[in-house]
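Everything on this sheet refers to the single structure shown next.
Naming: A, B, ... by sequence-line order, numbering from 1 per chain. The figures that follow rest on heavy atoms only: side chains count, while hydrogens, waters and symmetry mates do not. Since the model is a prediction, treat every value here as computed from it, not as a measurement.
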Amino acid sequence: GEDVEQSLFLSVREGDSSVINCTYTDSSSTYLYWYKQEPGAGLQLLTYIFSNMDMKQDQRLTVLLNKKDKHLSLRIADTQTGDSAIYFCAEMGQAGTALIFGKGTTLSVSS
Amino acid sequence: DTAVSQTPKYLVTQMGNDKSIKCEQNLGHDTMYWYKQDSKKFLKIMFSYNNKELIINETVPNRFSPKSPDKAHLNLHINSLELGDSAVYFCASSQSRPEDTQYFGPGTRLTVL
């Protein structure tokens, strides 16, 4: 079945780079997403990548996709305390339009 | 300009009660969703509606009934609330194509006592 796995916690110092990793099982997924959830808030789409791409860069964010290994990563350059949040990896489920989420990675940034 | 709004933001109620959560989107999207986030922050799809028609109904108890009076609204009615229903419920909307971004509402935190 469809499954998305992420490590649960990541702790970095301000100014360092953060790398959040994700693996997924559905090789037919055409789009893969990263969402951010700040404490007590809803989900905010950070970025997404189409499955025929290897990399996508958007300001401080870099998404790398290894389709062979079904591995997706999100790199945040120059991590700030405001980046502290839960980051969810998601793939489009086979049902059509529903997102299948990973369990979320809690990023903690210390100054 | 709120894109996807939900009411109420917080809902505290007793076991056995019936309650509804409302969702509205002003983005002109065709598809709306309900997701449940449990106490461990795990997010899972519950329902999906496209043009007022149910297209996804994951394994949720039939105490949960979504209702879509029009394309812009998808309400969630829950009968006979149980302790395990305590969670944050997120509404989302998108256009119909898989590549279309889903926009999420702020969530409704339901606490069943």
Side-chain angles (χ1 to χ4, degrees), chain A residues 1-10 20 22 24 26-53 56 58 63 65 84-108, chain B residues 2-7 9-10 21 23-25 27 29-51 53-60 66 74 87-109 111:
Chain A
E2 301 154 327
D3 199 13
V4 179
E5 297 285 340
Q6 299 176 240
S7 52
L8 294 182
F9 299 101
L10 177 64
I20 302 172
C22 168
Y24 60 97
D26 186 358
S27 57
S28 66
S29 289
T30 50
Y31 287 88
L32 296 143
Y33 305 83
W34 284 103
Y35 280 84
K36 176 183 180 182
Q37 185 179 29
E38 294 181 7
L43 286 123
Q44 172 197 354
L45 177 69
L46 280 180
T47 187
Y48 65 91
I49 188 166
F50 187 49
S51 59
N52 69 354
M53 297 168 67
K56 181 177 179 182
D58 184 1
V63 178
L65 175 61
S84 293
I86 303 176
Y87 291 81
F88 291 93
C89 171
E91 64 173 347
M92 186 60 68
Q94 286 187 0
T97 58
L99 292 171
I100 309 297
F101 284 91
K103 291 181 170 57
T105 299
T106 298
L107 174 64
S108 173
Chain B
T2 305
V4 183
S5 59
Q6 296 179 227
T7 53
K9 190 169 170 62
Y10 300 97
I21 307 171
C23 178
E24 177 181 1
Q25 53 95 4
L27 299 166
H29 288 161
D30 295 326
T31 307
M32 295 184 73
Y33 315 79
W34 278 107
Y35 288 86
K36 178 181 178 180
Q37 186 176 42
D38 65 21
S39 57
K40 293 181 180 166
K41 305 292 184 187
F42 301 159
L43 265 162
K44 195 162 181 188
I45 181 72
M46 298 175 71
F47 301 102
S48 169
Y49 263 76
N50 179 267
N51 280 317
E53 188 179 328
L54 181 67
I55 56 172
I56 293 173
N57 181 358
E58 289 296 308
T59 310
V60 297
L74 181 63
V88 181
Y89 292 85
F90 286 100
C91 177
S93 74
S94 72
Q95 294 291 16
S96 308
R97 301 172 306 169
E99 63 267 32
D100 291 315
T101 300
Q102 293 190 17
Y103 292 86
F104 282 76
T108 295
R109 182 174 293 277
T111 303

- Message: Could you measure the distance from the CD1 atom of B:Ile45 to the CZ atom of A:Phe101? Nearest 0.5 Å is fine.
- Response: 8.5 Å

- Roughly how far apart are B:Lys41 NZ and A:Gln37 CD, rounded to 0.5 Å? 5.5 Å

- Message: Working to the nearest 0.5 angstrom, can you tell me the gap between B:Leu43 CG and A:Lys103 NZ?
- Response: 11.5 Å

- Query: Between atom CD of B:Gln102 and atom CG of A:Leu45, what is the distance when rounded to the nearest 0.5 Å?
  - Reply: 9.5 Å

- Using the side chain to side chain contact (heavy atoms under 4.5 Å, CB included) rule, take A:Leu99 and B:Tyr33 through it: C-alpha gap first, then chi angles, then the decisive distance, then the call. CA-CA 10 Å; A:Leu99 292 171; B:Tyr33 315 79; over 6 Å; no

- Any chance you could measure A:Tyr31, atom OH, to B:Thr101, atom OG1, to the nearest 0.5 Å? 9.5 Å

- How far does CG of A:Leu43 sit from OH of B:Tyr103, to the nearest 0.5 angstrom? 14.0 Å

- Which bit of B:Lys44 is near chain A, if near means a heavy-atom gap under 4.5 Å: side chain, backbone, both or neither? neither

- Message: Does any backbone or side-chain atom of A:Phe88 lie under 4.5 Å from a heavy atom of chain B? Answer side chain, backbone, both or neither.
- Response: side chain

- Task: Using non-hydrogen atoms and a 4.5 Å limit, figure out which bit of B:Gln6 sits close to chain A: side chain, backbone, both or neither.
- Result: neither

